[in-house]
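Data first, discussion second: the structure below is written as structure tokens.
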Amino acid sequence: MAILLAGGAGFIGSHMAVELLAQNYDIIVADNFSNSTPEALNRVKKLTGRTFNFYELDICDDTNLDKIFTKHRIECIIHFAGYKAAGDSVSMPLDYYSNNLNTTISLCKAMKRHGVKRLIFSSSACVYSEKNIMPITEGSIIGDCPNPYGWTKLMSEQILRDATVANPDWSIAMLRYFNLIGAHESGDIGDDPTGIPKNLPPHIAQTAAGKHKYTSIFGDDYPTPDGTCIRDYIHITDLVKGHVAAMKYCEKHTGAEAFNLGTGKGTSNFELLAAFEKANNIKIPISITARRSGDAPVSYCSTEKAEKLLNWKAVKTVEDGCRDMWHWQSKNPNGYKEA
């Protein structure tokens, strides 16, 4: 029996692969490399000393997807296959709706055809309304999403809830990620975004590496203590451990359940910059620019439900994330491209 990582060559998927292999799970990775590289999977093999089956395909390709399920006994799917840049979704909404909804539908149909009953879904804090009082709980207001990316995640959650009603023996965990930071402690795998990073942590690291003259801060006039957006930054290592906890939960429960994966603490853009500078003794030049469309002023979560039901809690700090992120970036100044 194996775990299928759909979209498993990306930033989260590669760290997920390392964690699962370290815990002696067998994995299968499927990815079309639209926002990832084969080198990430090579690094996973070197880090773990283990091999695994890989298939290069689009998750929406039902024919080739069926070949994986026919050849292998899959016990659980972890669904990372989706576009993820919230800002891009505003300018390319149709691409985001088409890809993110169809990958979810395709995987559910494959589950139905092949008798797989468990799925872990990569959702997002973007499903929550900006009207919520902080911290956000799983019972907070959903909808009124700040961007099309958020709507694709919320719509996918509804698809998954409906699928479990029609298939009451299915178990699906919908993990609502907050903001990612960090990299594997080895510095061998990390976030390697295509083009200019759309989110703040990798942009800070790339600026420190000299790839950008400065890091842009999109707005310093938000209704927050220092005028910049506040986010809940969770270390990638803590995040993937949350997936393992969700897998174990799904072994004993049916239905669709949402969980926040975050730290429960808010950090502003300026505070994140300060944490990076302190952790790495590097000064980051910045430029204050206009607000970016689709950005909520404040977003951080309550992790009480995950702590209680999944027996999981984030343990790494923002400074830990900044240190590990710089270790990856300084060791790989051009990401995976030097390999």
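Quick caveat: nothing in here was measured; it's all calculated off a predicted structure. FYI, side chains are in, hydrogens and waters are out, and symmetry mates aren't considered; it's all heavy atoms of this structure.
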Decide yes or no on side chain to side chain contact (heavy atoms under 4.5 Å, CB included) for H243 and F80, but give the supporting numbers first. CA-CA 11 Å; H243 288 67; F80 299 120; 3.7 Å; yes
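- Cluster annotation: I120 is not connected to L4 through the hydrophobic network of ILVMFWY side chains, with a link wherever side-chain heavy atoms come within less than 4.5 Å.
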Please evaluate residues I142 and S129 with respect to the criterion side chain to side chain contact (heavy atoms under 4.5 Å, CB included), reporting the C-alpha separation (whole Å), side-chain torsions for both, the decisive distance (0.1 Å), and the verdict. CA-CA 5 Å; I142 56 175; S129 169; over 6 Å; no
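- Following chains of ILVMFWY side-chain contacts shorter than 4.5 Å, one can reach V44 starting from F11, so the two form part of one hydrophobic cluster.
- The list of ring-ring contact (aromatic ring centres under 6.0 Å, His included) pairs with a residue in residues 47-78, not counting sequence neighbours, reads F33-F54, Y55-H72, F69-H114.
- Distance alone, capped at 3.5 Å, is enough to place a donor-acceptor pair between the T224 side chain and the G227 backbone.
- If you run side chain to side chain contact (heavy atoms under 4.5 Å, CB included) between V127 and each of M155, E157, Q158, only E157 comes through.
- Proximity of V90 to P148: side-chain heavy atoms (C-beta onward) are separated by under 4.5 Å at one or more points.
- Scored by the ring pair (Phe, Tyr, Trp, His ring centres under 6.0 Å) test, H327 finds no partners at all (sequence neighbours excluded).
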side-chain hydrogen bond (donor to acceptor under 3.5 Å, both in side chains) for T303 and N260? Distances and angles first, verdict last. CA-CA 6 Å; T303 61; N260 289 334; over 6 Å; no
Could you go through the side chain to side chain contact (heavy atoms under 4.5 Å, CB included) check for Y177 and S124 one step at a time? CA-CA 5 Å; Y177 304 169; S124 169; 5.5 Å; no
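- At a cut-off of 3.5 Å, with distance as the only test, no side-chain donor of R231 or N199 sits close to an acceptor on the other residue.
- Under a hydrophobic-cluster definition in which Ile, Leu, Val, Met, Phe, Trp and Tyr are linked whenever side-chain heavy atoms come within less than 4.5 Å, directly or via other members, Y336 and L180 are assigned to the same cluster.
- T63 places a side-chain heavy atom less than 4.5 Å from the side chain of D61.
- A 4.5 Å side-chain heavy-atom check between S186 and V18 finds every atom pair outside the cut-off.
- Taking 4.5 Å as the limit, some side-chain heavy atom of L65 sits within range of a side-chain heavy atom of L107.
- For the pair D58 (side chain) and C60 (backbone), a donor-acceptor distance under 3.5 Å is present.
- Taking each heavy atom of I27 and A17 in turn, the nearest pair found is CD1-CB, 3.6 Å.
- Atom NZ of K313 sits in a sparse spot, with 12 or fewer heavy atoms from other residues, nucleotides or ligands closer than 6.0 Å.
- At a threshold of 4.5 Å between side-chain heavy atoms, the hydrophobic network of Ile, Leu, Val, Met, Phe, Trp and Tyr places I105 and L160 in two separate groups.
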Check against side-chain hydrogen bond (donor to acceptor under 3.5 Å, both in side chains), S36 and D31: CA-CA 8 Å; S36 58; D31 204 300; 3.1 Å; yes
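- Contact between F121 and S156 at its shortest, heavy atoms only, is CZ-CB, 3.5 Å.
- At a threshold of 4.0 Å, the pair K337-E39 does not count as salt-bridged, since none of the basic side-chain nitrogens sits closer than that to a carboxylate oxygen.
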Intermediate values then yes/no, side-chain hydrogen bond (donor to acceptor under 3.5 Å, both in side chains), H203 and S216: CA-CA 8 Å; H203 202 290; S216 295; 5.4 Å; no
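- The existence of a salt bridge linking K109 and D62 is excluded, since no basic side-chain nitrogen approaches an acidic carboxylate oxygen closer than 4.0 Å.
- Partner D232 forms a side chain to side chain contact (heavy atoms under 4.5 Å, CB included) with one of T263, V298, T267 and no other, that one being T263.
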Would H235 and D238 count as a side chain to side chain contact (heavy atoms under 4.5 Å, CB included) if you check the C-alpha gap in whole Å, the side-chain angles of each, and the deciding distance to 0.1 Å? CA-CA 5 Å; H235 197 291; D238 283 330; 4.0 Å; yes
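- The salt bridge (Lys or Arg N to Asp or Glu O under 4.0 Å) check on E75 picks up R118, with sequence neighbours excluded.
- Both cation-pi conditions hold for R291 and Y222: the charged atom is under 6.0 angstrom from the six-membered ring centre and inside a 45 degree cone around its axis.
- Scored by the side-chain hydrogen bond (donor to acceptor under 3.5 Å, both in side chains) test, K316 finds no partners at all (sequence neighbours excluded).
- Separation of the Y128 and W151 ring centroids does not fall under the 6.0 Å cut-off.
- Residues C322 and N280 form a side-chain contact, since some pair of their non-hydrogen atoms from C-beta on lies under 4.5 Å apart.
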Show your working on side-chain hydrogen bond (donor to acceptor under 3.5 Å, both in side chains) between T215 and T207 and close with a plain yes or no. CA-CA 6 Å; T215 288; T207 301; 2.7 Å; yes
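- With a 4.5 Å cut-off on side-chain heavy atoms, I136 and S302 do not count as touching.
- Y96 and L154 fall into different hydrophobic clusters, where Ile, Leu, Val, Met, Phe, Trp and Tyr side chains are chained together by heavy-atom contacts under 4.5 Å.
- Open room surrounds NZ on K265; 12 or fewer heavy atoms of other groups in view lie less than 6.0 Å from it.
- Side-chain contact between K305 and T137 is absent, with no heavy atoms from C-beta onward closer than 4.5 Å.
- Considering only heavy atoms from C-beta on, V244 comes within 4.5 Å of M16 through its side chain.
- The two residues A173 and A246 come nearest to each other via the heavy atoms CB-CB, 4.0 Å.
- Remark: D188 pairs with K331 by the salt bridge (Lys or Arg N to Asp or Glu O under 4.0 Å) rule, at least two apart or across chains.
- Scanning all heavy atoms of the two residues, the minimum distance from A256 to M174 falls at CB-CE, 4.1 Å.
- More than 12 heavy-atom neighbours from other residues, nucleotides or ligands sit within 6.0 angstrom of CD on E130.
- We find that E138 and R176 are not joined by a salt bridge, their nearest charged nitrogen and carboxylate oxygen being 4.0 Å or further apart.
- Checked for salt-bridge contact, D320 and R323 meet the test: a charged N lies under 4.0 Å from a carboxylate O.
- Annotation for P193 and P202: closest pair CG-CB, 4.2 Å, computed over non-hydrogen atoms.
- Classified by interplanar angle (parallel below 30°, tilted 30° to 60°, perpendicular above 60°), the ring pair F259/Y249 is perpendicular.
- At a cut-off of 3.5 Å, with distance as the only test, no side-chain donor of N311 or K248 sits close to an acceptor on the other residue.
- Shown here is D169, whose CG atom has more than 12 heavy atoms of other residues, nucleotides or ligands within 6.0 Å.
- Residues K84 and Y149 come closest through the heavy atom pair CA-CE1, 3.5 Å.
- Side chain of Q329 to main chain of P333: a donor-acceptor pair is present (N/O by atom type, distance under 3.5 Å, no hydrogens or angles).
- With hydrogens and angles disregarded, a donor-acceptor distance shorter than 3.5 Å links the side chain of N132 to the backbone of I141.
- Remark: of the listed residues N147, N100, T103, N100 is the sole one forming a side-chain hydrogen bond (donor to acceptor under 3.5 Å, both in side chains) with T152.
- No donor-acceptor pair closer than 3.5 Å links the side chain of S98 to the backbone N or O of D95.
- Other members of the cluster containing I288 are I181, L200, I204, I217, Y233, F270, L272, L273, F276, I282, I284, I286, V318, M325, W326, with ILVMFWY side chains joined at under 4.5 Å, either directly or via other members.
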